[in-house]
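Let me begin by presenting the structure, written as structure tokens, before commenting on it.
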Amino acid sequence: MSGYTAPHCGSLRASDDGREVELYGWVARRRDHGGVTFIDLRDRWGAVQVVLRHADAQLRLEYVVRVRGKVSLRPKGSENPKIATGQVEVVAEELEVISESEPPPFPIEDAEEADEKTRLEYRYLDLRRPRMTRMLQLRNRVNRVIRDYMEEREFIEVETPILTRSSPSGARDFLVPSRLHPGEFYALPQAPQMLKQLLMVSGIQRYYQIARCFRDENLRADRQPEFTQLDLEMSFCDEEDVFALVEGLFARLWKETIGVDIAVPFPRLDIKESFLRYGTDKPDLRYALEIADLGEALGDTRAVIFRSVLDGGGVVRGLAVPGGRDMSRRELDELVTLAKGAGGQGLAWVPGGTLDKHLAADEVAAIKRLTGAGEADLVLIAADRRRKAETVMGLVRQEIARRRKLIREGEWRFLWINPTYLFEEDDQGHLTYAHHPFTRPFAEDMPFVEERPYDVRAHAYDIVCNGYELGGGSLRIYDPAMQERVFQLLGMPLDLIRERFGTLLTAFTYGVPPHGGIAPGIDRIVMMLGGTDNIRDVIAFPKTQSMADLMLGAPSEVDQSQLDELQVKVVARKKPDS
RNA sequence: GGUCCCGUGGUGUAGCCUGGCCAAACACGCGGCCCUGUCAAGGCCGAGAACGCCGGUUCGAAUCCGGUCGGGACCGCCA
């Protein structure tokens, strides 16, 4: 069999006219005219028309065949401009069926998408579809461009363990029981965070890794339990170095995969402003809609719904919908459902809503002014606790853009969310770290950390494009006094610090370079480049929303003997809280 | 933990709101026959689903109700 050196079905062109070739591939389509039969023979590179004049073999779709024959220009007028090989055809002289195929459970073509459940069960067939093959090739290309780019800048790829120890970020760990240490567990890495910092102490200076990461959290359209990051870290750098490095990488990726020039440097946006204006920390800037804070306009309002929220420390936010006066009651109700589905109280609107009779004229005027609403516009309003109001308005903003076709397709609006802030409030209203406890604060903000801890900025940054968070990172603390101060502010007891971060802190006593890094998510990058909003499209063997692998049947029960060996006992089977 | 959408032959859809005309329609695929230039080939013939599962309402359910399982989107979660 000489398929390895044989020409590819999808690569034949007019210049191959007259060539004797041997082709291997799958029967993608068959057009039987009795005396003459055409088949489209498909391989990874595409498909070419094969002409069979004495078809004695019974060919069915997806049969694997070998064809020997001569490439020739198609007869005048029968060229097919729709396909890359459309100028030529291969006149078969010899045909061999290598492997037969049952009719596939769904058509192996791009035109019609089968139910995703079936696609995942027969993923190996789904990946035969040209669209999916293209996604895998795109992903490969992205990985190669990344490696080229990083190597050129003298980064070296270092592999870190998959069987590791729980890391200091906040997600749930996947655990692996240890046979040799009964009752103890490895954790799969949520990210190689601590290890890459240790590599900086090792003097690697420029590290990167195309690293698999694992987080046992609930899934979304752009989230899988295992995913891949370009994990990188560098010594003796500041934020500008990281920004320039990453901007250069993205420019190169976009250029070399889809031929697009993107504008660098990327603009920067303070995270608080992002939440205020866009209701999210990953704004899509391909449309202009901006949210306004209406607290100022309603300071003395007698409208009860606003009064109670504002008095309770909540906020009122509004968004002008361009031409929104034409929205139907039904459409507005759907938006209210959206808001409630997100846990909000609902939505109000002016004019035309029940609010009209409760608001003073000057309040309506102020609302219009703050949101920039014109005569034909409708202002949608959410009143709630700050975080909730922002989430709701962010979703509404997105939905309005979608429905009213305000998204400028084809644009790539990259930006940095920077600066961010060191601390956040947790559920109990206590101070906690927004990123991880090694994130470097702005030194000049530290003097007021006691009075206004939430205003202390951090040298941390997220890269965002078209509404997707593509990665995040920070500069790290390398000064022991600063580190101690942060731990102290977090109120972390010494033994907890020692237990969780002891290795790193000890390492830092042996000469630590200032360092920082970032970790762009490769799956999402490929999603963007591949023009899909489904992360499963860019992963060869993904899991469902309930974390099942429908093809392999994972997770599964295991033999009792395996559990015995691990000294693991299943106590009860009940649905977990999620 | 919550909200929402979906589940009909191998595949994609229609029917479901307004129960009976639905042992369910159409297209592709599948089986057979015809056809020497098509490319979503075409023509003729044929097989194939009691409508995810369980229960209820009803004289009667794919259609209504409840539960359950599975897939998907989102909030919480991931930070």
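Order of the sequence lines sets the chain letters (A, B, ...), proteins ahead of strands, with each chain counted from 1.
- Candidate nucleotides G31(B), A40(B), U11(B) were compared by shortest atom distance to the side chain of Arg60(A), and G31(B) ranks first.
- Base pairing annotation: C28(B) forms a Watson-Crick or G-U wobble pair with G10(B), both donor-acceptor distances under 3.5 Å.
- Using modelled atom types and a 3.5 Å distance limit, the side chains of Thr420(A) and His435(A) yield a donor-acceptor pair.
- Neither OP1 nor OP2 of G76(B) sits under 4.0 Å from any side-chain N or O of Lys388(A).
- Across the protein-nucleic acid pair, Lys76(A) atom NZ and U38(B) atom C1' stand 18 Å apart, rounded to whole Å.
- Residues Glu239(A) and Arg268(A) are not paired through a salt bridge, judged by the lack of any N-O separation under 4.0 Å between the basic side chain and the carboxylate.
- Look at Thr337(A) and you won't find any side-chain N or O under 4.0 angstrom from OP1 or OP2 of U3(B).
- Using Watson-Crick or G-U wobble geometry with both donor-acceptor distances under 3.5 Å, G42(B) finds its partner in C34(B).
- Counting only N and O atoms by type, the side chains of Gln58(A) and Arg60(A) include a donor and acceptor under 3.5 Å apart.
- Distance from the side chain of Lys82(A) is smallest for A40(B) among the nucleotides C39(B), A40(B), G12(B).
- The phosphate of G76(B) has OP1 or OP2 within less than 4.0 Å of a side-chain N or O from Thr391(A).
- Figure legend. A73(B) is base-paired to U3(B); pairs are counted as Watson-Crick or G-U wobble with both atom distances under 3.5 Å.
- Nucleotide C64(B) has G56(B) as its partner under the Watson-Crick or G-U criteria, with both atom distances under 3.5 Å.
- In this model, a side-chain donor or acceptor of Arg220(A) finds a partner on the base of G76(B) within 3.5 Å.
- At whole-Å resolution of the value, CD in Glu121(A) and P in G7(B) are 19 Å apart.
- In this structure, Glu217(A) places its CD atom 14 Å from P of G1(B), rounding to the nearest Å.
- C65(B) and U57(B): their P atoms are spaced 15 Å apart (whole Å).
- Nucleotide A49(B): unpaired (no Watson-Crick or G-U wobble partner with both distances less than 3.5 Å).
- Regarding His33(A), its NE2 atom lies at a distance of 9 Å from the P atom of G42(B), rounded to whole Å.
- Judged by atom type and distance alone, Arg74(A) reaches the base of C39(B) through a side-chain donor-acceptor pair under 3.5 Å.
- Residues Arg134(A) and Asp110(A) are paired through a salt bridge, judged by an N-O separation under 4.0 Å between the basic side chain and the carboxylate.
- Of all nucleotides present, none satisfies the Watson-Crick or G-U wobble test against A23(B) with each distance under 3.5 Å.
- Rounded to whole Å, the separation between the P atoms of G9(B) and G46(B) comes to 23 Å.
- Between Glu116(A) and Arg536(A), at least one side-chain N (NZ, or NE/NH1/NH2) sits under 4.0 Å from a carboxylate O, which counts as a salt bridge.
- The side chain of Lys117(A) has G71(B) as its nearest neighbour among A79(B), C39(B), G71(B).
- Spacing between atom CG of Leu59(A) and atom C1' of U38(B) amounts to 16 Å, rounded to whole angstrom units.
- Between the side chain of Arg223(A) and the base of C78(B), at least one donor-acceptor pair of N or O atoms lies under 3.5 Å.
- With distances taken from any side-chain atom of Thr118(A) to the nucleotides C39(B), U11(B), G1(B), the minimum falls on U11(B).
- Following rounding to the nearest Å, Lys282(A) (NZ) and C75(B) (C1') show an atom-to-atom distance of 11 Å.
- The same atom, P, is picked in A41(B) and in C30(B); the two are 11 Å apart, to the nearest Å.
- When the C1' atom is compared between C16(B) and C77(B), the two are found 36 Å apart, to the nearest whole Å.
- Salt bridge status for Glu226(A) with Arg215(A): absent, with no side-chain N to carboxylate O gap under 4.0 Å.
- Comparing the same atom, C1', in C53(B) and in G7(B) gives a spacing of 11 Å after rounding to whole Å.
- Phosphate proximity of U38(B) to Arg31(A): absent, as no side-chain N or O sits under 4.0 Å from OP1 or OP2.
- Between the C1' atom of G72(B) and the CD atom of Glu113(A) lies a distance of 13 Å, rounded to the nearest Å.
- OP1 or OP2 of G72(B) has at least one side-chain nitrogen or oxygen of Arg536(A) nearer than 4.0 Å.
- Asp284(A) has no carboxylate O lying under 4.0 Å from a charged side-chain N of Arg397(A), or vice versa, which leaves the two without a salt bridge.
- On the P atoms, G43(B) is 33 Å away from C51(B), given to the nearest whole Å.
- Side-chain N/O atoms of Gln190(A) and base N/O atoms of A79(B) include no donor-acceptor pair closer than 3.5 Å.
- In this structure, Ile39(A) atom CD1 and A40(B) atom P are separated by 16 Å, rounded to whole Å.
- If you take atom P in U3(B) and the same atom in C22(B), they sit 38 Å apart, rounded to whole Å.
- Among the heavy atoms of the strands lying under 4.0 Å from Pro105(A) are primed sugar atoms or P, OP1, OP2 only; no base atom is included.
- In the set A79(B), C74(B), C35(B), C35(B) carries the atom at the smallest distance from any side-chain atom of Asp32(A).
- Side-chain nitrogen and oxygen atoms of Arg387(A) include none within less than 4.0 Å of the OP1 or OP2 phosphate oxygen of C75(B).
- Taking the C1' atom of each, U63(B) and A50(B) are spaced 14 Å apart, rounded to whole Å.
- In this entry C78(B) has no Watson-Crick or G-U wobble partner, no candidate having both defining distances under 3.5 Å.
- Between the side chain of Arg129(A) and the backbone N or O of Glu109(A), at least one donor-acceptor pair lies under 3.5 Å.
- Under 4.0 Å is where a charged nitrogen must lie from a carboxylate oxygen, and between Glu390(A) and Arg386(A) at least one such pair does.
- Heavy atoms of Glu79(A) sit under 4.0 angstrom from at least one base atom.
- Remark: the Asn80(A) side chain and the C39(B) base include a donor-acceptor N/O pair separated by less than 3.5 Å.
- Look at Phe106(A) and the base of U11(B); the rings do not stack under the cut-offs of 5.5 Å between centres and 30° between planes.
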